[in-house]
Amino acid sequence: MSWALSSNWLLGRYLERWRAYRWFPVRSDQLEKAQARYHRYGRWSLLLSWVPVIGDPLTVLAGVMREPLWSFVLIVAVAKAGRYIFIAALTLGLR
């Protein structure tokens, strides 16, 4: 797994630290509701972390949503491995 993804997760974790400030874009109660929904349904969105453009924001969001590091690493590693296995199969002509 790339260091950038781990850094994104850490960035997301530390972004939440400022949720009490007025300029933070989401109220504290809204963030808690979103975290509850994320842990119920959104964890698997990390399987899309390999997709260009949306993958990095998803990994930052996982940090903000307090996704445990072990599950973050596991899900993102599966997604990335699947991507590279698929690309290797296409490149080698395997079907």
Side-chain angles (χ1 to χ4, degrees):
M1 186 177 65
S2 143
W3 280 103
L5 294 176
S6 303
S7 299
N8 286 349
W9 179 85
L10 278 171
L11 176 65
R13 287 299 289 253
Y14 285 108
L15 277 175
E16 186 194 12
R17 174 180 288 200
W18 291 297
R19 75 190 207 177
Y21 291 91
R22 277 189 14 209
W23 56 264
F24 196 75
V26 180
R27 290 192 330 254
S28 188
D29 62 323
Q30 291 174 323
L31 184 59
E32 289 173 12
K33 283 182 183 179
Q35 287 172 338
R37 272 193 311 266
Y38 173 84
H39 286 291
R40 195 170 315 133
Y41 309 113
R43 166 175 288 151
W44 302 110
S45 67
L46 289 172
L47 289 172
L48 297 174
S49 62
W50 63 270
V51 178
V53 180
I54 68 166
D56 285 336
L58 281 175
T59 58
V60 172
L61 183 64
V64 173
M65 295 294 133
R66 303 185 71 68
E67 179 69 33
L69 183 60
W70 69 269
S71 60
F72 172 81
V73 169
L74 182 65
I75 294 169
V76 172
V78 166
K80 292 282 188 172
R83 171 190 181 183
Y84 294 120
I85 289 169
F86 178 74
I87 290 172
L90 281 179
T91 303
L92 298 172
L94 303 176
R95 296 181 189 179

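What you see is a predicted model, and the numbers here were worked out from it, not measured in a lab. Side-chain atoms are counted along with the backbone in the values below, which use heavy atoms only and exclude waters and symmetry mates.
Residue Leu15 is grouped with residue Tyr21 when hydrophobic side chains (ILVMFWY) are merged at heavy-atom distances under 4.5 angstrom, including chains of intermediate members. The cluster map of Ile, Leu, Val, Met, Phe, Trp and Tyr, joined by side-chain heavy atoms under 4.5 Å apart, puts Val73 and Tyr14 in the same cluster. There is no path of hydrophobic side-chain contacts, each under 4.5 Å, that joins Val76 to Val51. In the hydrophobic clustering of this structure, Leu47 groups with Val60; members are Ile, Leu, Val, Met, Phe, Trp, Tyr whose side-chain heavy atoms approach within less than 4.5 Å, directly or through other members. Both Met65 and Trp18 are assigned to one and the same hydrophobic cluster, defined by single-linkage of ILVMFWY side chains at heavy-atom distances under 4.5 Å.
Nearest heavy atom pair, residue Ser45 against residue Tyr38, reads OG-CE1, 4.2 Å.
Residues Pro68 and Arg43 are in side-chain contact: their nearest non-hydrogen atoms beyond the backbone lie under 4.5 Å apart. Side-chain contact between Arg19 and Arg27 is absent, with no heavy atoms from C-beta onward closer than 4.5 Å.
Phe72 contributes atom CZ, which lies 7.0 Å from atom CG of Asn8 (distance to the nearest 0.5 angstrom). Once rounded to the nearest 0.5 Å, the distance linking CG of Leu61 with CG of Leu11 reads 11.5 Å. Atom CG of residue Leu92 and atom CD1 of residue Ile87 lie 11.5 Å apart, to the nearest 0.5 angstrom. The CH2 atom of Trp50 lies 10.5 Å from the OH atom of Tyr84; values are rounded to the nearest 0.5 Å. Atom CG of Leu58 is separated from atom CG of Leu48 by 6.5 Å, given to the nearest 0.5 angstrom. Here the straight-line distance linking atom OG1 of Thr59 with atom CD1 of Ile75 works out to 12.5 Å at 0.5 Å rounding.
For the side chain to side chain donor-acceptor pair (under 3.5 Å) test with Arg66, the passing option among Gln35, His39, Glu16 is Glu16; the others fail.
Around atom CZ of Phe24, more than 12 heavy atoms belonging to other residues, nucleotides or ligands sit under 6.0 Å away.
Remark: side-chain polar atoms of Trp9 are paired, donor with acceptor, to backbone N or O of Glu67 under 3.5 angstrom.
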